[in-house]
Amino acid sequence: MKLFLPVLLLTSTLIPVAAEEIGSSDLLIDDALGGFDSEESVDNLLGGFDENGFEEGEFGSSVESELSLPENSVSAIRGHWVTGSSWNIAGSSPTADRLTRLSTKLWLESEQDLGGGWKLHGDGFLRYDLAYSINGRNQYTGGVVDGYEQDAEIGEFWVRGSLTPDLDLKVGRQVVVWGQSDYLRVNDVLNPLDLREPGLVDIETLRRPIGMLKTDYYQGDWRWSALLISENRPNLSAPCGSEYSLAGVVTQASCDSSAVPVELSDDGLSDAEYALSAMGRFSGWDLSLYAGRLNYDTPYKDAAGANNVMRNARVSHLGAAINIAEGSWLWKGELALVDGLRYFNTGAAKKSRFDLLLGGEYRGITNSTLSFEVLRRHINGYESSLTNSTDFQDESSWQSVLGYTRDLRNDTIHLKGVILRNGNIFNDGGYLRLSTKYDLRDQWSVTGGGIWYDATKYRPDWSDNDRLFIEARRDF
Amino acid sequence: MENMMMKLKKLTVALTITLMSTTILSSLNLAVAAPSARELMEAVNARDDGNNGLMEMEMILIDKKGKQRIRKLKKMSQDRGDDSYSLLFFLSPSDVKDTGFLTYDYDQSGKDDDQWLYLPALKKTKRIANDDKSGSFMGSDFNYSDMSDPDLDDYNFTLMKETKVHGNEVWQIKSVPKSKEIIEETGYRQSVVFVRKDNFVVVRAVRWMESKGKLRYLDLKKLEQIDGVWTPLETTMTTKEGKRTLHKTVIRYSKVRYNQELDESLFTVRRLEKGAN
């Protein structure tokens with residue numbers, strides 16, 4: 001059997017090649033068909049049609065009455081409901097109970113046409129996790145219970161329309177995605193992220209919408225955008241005591257003793273962010289340019305005053321992204337220069353960082369997509385103290401991702417695998433996430449999978465956070 | 001469009017003359033060239049399939065147990081010279097509503113299509129690079145290669161016989177890819193198509209899938225002339241293995257209108273990101 005498989009693979013590869021070499025694809029096909037030219041066998045095969053009749057309309061007959069789609073097939077309010085659970089499956093769990101989630105979430109969204117091409121959109125969600133009451137809230141820190149047990153959030157809420165034929169305006173809470181990469185972020189820096197359970201957050205709520213005024217001007221192949229962002233929402237990070245936090249699972253007393261006050265950027269114009277972008281779409285390639293004066297979403301511990309305070313650095317961001325399509329390959333490149341970064345161990349010094357990403361996406365395998373992305377970040381004017389707590393930064397750092405998706409059985413089964421590795425030779429930890437989604441019906445689906453983490457050189461250490469998860473989703 | 005009409009007229013005249021000559025000369029017992037399968041397929045490709053079109057589309061996916069999934073879409077299309085531009089939006093089911101697909105299908109041989117996919121859940125427009133047309137079109141029994149005209153230079157055609165389908169006279173033509181690459185790109189090892197003599201519409205086809213033992217049966221169930229364009233309004237594609245039906249797709253078009261005043265700016269990423277309404 002061991003010998004049989006390689007021989008089979010070898011011969012299955014060689015036969016078509018041999019046929020091609022003698023320059024007769026007909027030979028290959030005819031051999032495979034086993035006598036297609038025989039009229040009798042052809043007619044047998046051609047007899048496979050279902051004879052359900054045939055209708056031919058003539059001029060002016062009413063087709064629409066027979067075939068028109070039901071009006072309002074999707075209601076004005078739509079959304080989904082998800083119930084799911086996850087369990088820690090690591091060798092040694094950091095928590096006493098293995099149940100890490102038993103939650104239900106209701107997501108609602110609505111859109112309303114306001115006339116004249118203007119549209120109003122609103123969405124939001126409610127989520128409650130029973131795992132904390134089942135396991136007992138007293139075994140968690142207050143931050144963990146507050147951060148994970150429930151959510152009630154207004155998501156996007158905006159009005160959009162055209163001021164002139166070439167000028168669009170969108171005002172309100174919204175998500176704006178910069179960049180071309182799918183897994184690693186270089187220019188996708190406008191919206192803060194939900195980082196409470198890395199690798200496990202729903203795609204709909206991964207980016208946190210923020211209030212802004214956005215105008216888009218269209219000129220030929222280019223779109224020019226200007227953004228004024230007045231709402232400053234932080235990343236949702238794992239709170240102290242969480243399995244995903246910097247300190248890992250610790251007691252409330254430990255959290256209290258290490259707590260650092262937070263003074264994040266304010267909403268309003270005083271700390272507002274400004275950004276410009278230009279995006280050109282051409283035959284076979286796209287090019288984007290980005291510039292912004294932004295509040296860096298990952299706060300640093302500022303030791304300049306009498307007491308340490310967590311703050312957002314004010315940074316300048318310059319970036320570019322390119323896509324090039326070539327056959328079944330889509331090549332991606334992104335770069336960014338972020339200036340004004342602040343760190344705990346380098347005091348008032350401002351640092352800049354250069355990020356470069358290269359990637360590709362291959363769709364030449366039927367119903368499959370294979371992606372890879374490699375990102376290198378380099379801190380300019382690096383100081384060795386940045387390796388110390390709480391910065392944990394190397395001068396250069398690498399991240400790589402390999403992703404694979406495949407749709408099976410007429411798009412009812414969706415397989416997805418993602419490997420993320422840190423380090424220039426993939427040697428500094430990361431995670432593997434595998435999942436399968438099965439569409440039971442148009443509105444019902446179930447997803448199951450797992451995520452396995454490897455420890456990285458620096459904290460946080462997630463190596464004991466491996467999980468299996470399952471969820472059922474009903475769309476309406 | 002005008003080019004296509006001219007080509008079609010020329011081909012129709014040529015074929016009519018050839019057929020008339022065949023009849024006359026046959027009666028005189030003289031040898032004469034019949035319309036070649038290649039010429040017939042050129043007429044099929046040159047057939048007017050409408051311009052500046054608007055339509056809604058219902059796609060019913062039926063598995064072997066009879067369980068149905070229904071996708072509803074809205075489509076806009078425009079010809080610019082020999083190139084075709086199209087914009088497709090999902091109307092339902094709810095989880096994919098407003099997912100859009102913009103395609104610039106270039107006629108120039110060797111030039112890749114430009115395709116962008118807008119994913120509302122990600123709030124992101126992705127460029128899609130895909131030479132491979134062998135994948136399933138949105139989970140249906142149609143491959144992407146079924147949704148566009150074939151490059152005739154990639155195939156050898158044989159006129160098998162003349163017969164009748166649904167009471168209409170048809171040519172039965174065998175189409176065999178010239179290379180393994182075309183088989184891999186389209187997902188089909190060969191096809192037999194049935195072309196109606198009066199309007200050059202392919203009313204039936206049998207396609208031998210790359211995966212051996214499986215056949216696909218395309219059957220045009222409803223055809224109507226709308227704004228002078230012969231328009232397939234209901235088509236089924238059934239995947240079979242032997243006598244066993246593995247899966248079936250019904251595509252129905254409704255609210256079909258041609259020659260609409262569609263601005264070129266409709267076929268842009270700007271419009272793609274605004275959704276179906």
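Computed from a predicted structure; not experimentally measured. To find a chain, count down the sequence lines: A is the first, B the second, and so on, and within it residues start at 1.
- A:Trp118 is linked by a ring pair (Phe, Tyr, Trp, His ring centres under 6.0 Å) to nothing, counting only residues two or more places apart in sequence or in another chain.
- Contacts with chain B were tallied for A:Asn323, A:Thr412, A:Asp202; A:Thr412 has the most, counting heavy-atom pairs under 4.5 Å.
- Contact annotation for B:Asp112: only side-chain heavy atoms (C-beta onward) come within less than 4.5 Å of a heavy atom of chain A.
- In the displayed structure, B:Gln68 atom CD is contacted under 6.0 Å by more than 12 heavy atoms of other residues, nucleotides or ligands.
- More than 12 heavy atoms of other residues, nucleotides or ligands shown are found within 6.0 angstrom of CD on B:Glu241.
- Here the OG atom belonging to B:Ser134 is positioned 7.0 Å from the CG atom belonging to A:Asn367, to the nearest 0.5 angstrom.
- You'll find the side chain of B:Ile70 reaches within 4.5 Å of the side chain of A:Asp442, heavy atoms only.
- The candidate with the highest count of non-hydrogen atom pairs below 4.5 Å against chain B, out of A:Val177, A:Asp216, A:Asp168, A:Asp439, is A:Asp168.
- Side-chain contact between B:Asp95 and A:Arg473 is present, with at least one heavy-atom pair separated by less than 4.5 Å.
- Residue A:Arg441 places its CZ atom among 12 or fewer non-hydrogen atoms of other residues, nucleotides or ligands, all under 6.0 Å distant.
- Taking 4.0 Å as the cut-off between side-chain N and carboxylate O, A:Glu361 and B:Arg127 do not count as a salt-bridged pair.
- No part of B:Asp113 comes within reach of chain A, as not one of its non-hydrogen atoms sits under 4.5 angstrom from that chain.
- When A:Gly117, A:Ser445, A:Pro165, A:Ser368 are compared by the number of non-hydrogen pairs under 4.5 Å with chain B, A:Pro165 comes out ahead.
- Ranking B:Glu185, B:Glu210, B:His247, B:Met138 against chain A, the residue ahead of the rest is B:His247, based on heavy-atom pairs under 4.5 Å.
- The contact between B:Glu273 and chain A is made by backbone and side chain atoms together, counting heavy-atom distances below 4.5 Å.
- Contacts between A:Leu440 and chain B at a heavy-atom distance below 4.5 Å involve the backbone alone (N, CA, C, O).
- Heavy-atom distances place the side chain of A:Ser162, and not its backbone, under 4.5 Å from chain B.
- Chain A forms more heavy-atom pairs under 4.5 Å with one residue of B:Leu122, B:Asn143, B:Leu61 than with any other, namely B:Leu122.
- Per-residue counts of heavy-atom pairs under 4.5 Å with chain B were compared for A:Met279, A:Arg409, A:Lys332, A:Arg160; the largest is that of A:Arg160.
- A salt bridge does not link A:Arg363 to B:Asp131: none of the charged side-chain nitrogens sits closer than 4.0 Å to a carboxylate oxygen.
- For the set A:Gly364, A:Ala325, A:Gly284, the count of heavy-atom pairs under 4.5 angstrom toward chain B peaks at A:Gly284.
- Of the two parts of B:Lys111, only the side chain, counted from C-beta on, holds a non-hydrogen atom closer than 4.5 Å to a non-hydrogen atom of chain A.
- In this model, no donor atom of one side chain and acceptor atom of the other lie less than 3.5 Å apart for A:Ser328 and B:Asp132.
- A:Asn410 is listed as a side-chain neighbour of B:Arg69, based on a closest heavy-atom distance under 4.5 Å.
- Heavy atoms closer than 4.5 Å to chain B are found in the backbone of A:Glu326, but not in its side chain.
- Using a 4.5 Å cut-off on side-chain heavy atoms (C-beta onward), B:Lys123 and A:Val176 make no contact.
- The side-chain heavy atoms of B:Lys124 and A:Asp182, taken from C-beta on, include a pair separated by under 4.5 Å.
- Heavy-atom distances place no part of B:Asp263 under 4.5 Å from chain A, backbone and side chain included.
- Taking all atoms of both residues into account, the shortest heavy-atom contact from B:Trp116 to A:Phe282 is CZ2-O, 4.3 Å.
- In this structure the side chain of A:Gln180 never reaches within 4.5 angstrom of the side chain of B:Lys126, judged on heavy atoms.
- Interface remark: of the candidates A:Val175, A:Asp286, A:Ile365, A:Asp286 forms the most heavy-atom pairs closer than 4.5 Å to chain B.
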- side chain to side chain contact (heavy atoms under 4.5 Å, CB included) evaluation trace for B:Asp98 with A:Glu111: CA-CA 12 Å; B:Asp98 285 337; A:Glu111 277 189 2; 4.2 Å; yes
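- Looking at B:Ser140, the atoms closer than 4.5 Å to chain A (heavy atoms on both sides) all sit in the backbone: N, CA, C or O.
- Going from atom OG of B:Ser94 over to atom CD of A:Gln443 covers 8.0 Å, rounded to the nearest 0.5 Å.
- Neither the backbone nor the side chain of B:Tyr144 comes within less than 4.5 Å of any heavy atom of chain A.
- Using a 4.5 Å heavy-atom cutoff, the side chains of A:Tyr218 and B:Ser265 are not in contact.
- Residues A:Arg281 and B:Arg270 fail the side-chain proximity criterion, which asks for heavy atoms closer than 4.5 Å.
- For a residue to count as touching a neighbouring chain, one of its non-hydrogen atoms must lie under 4.5 Å from one of that chain's; by this rule A:Trp285 touches chain B with the backbone only.
- Atom NZ of B:Lys67 has more than 12 neighbouring heavy atoms from other residues, nucleotides or ligands inside a 6.0 Å radius.
- No part of A:Tyr362 comes within reach of chain B, as not one of its non-hydrogen atoms sits under 4.5 angstrom from that chain.
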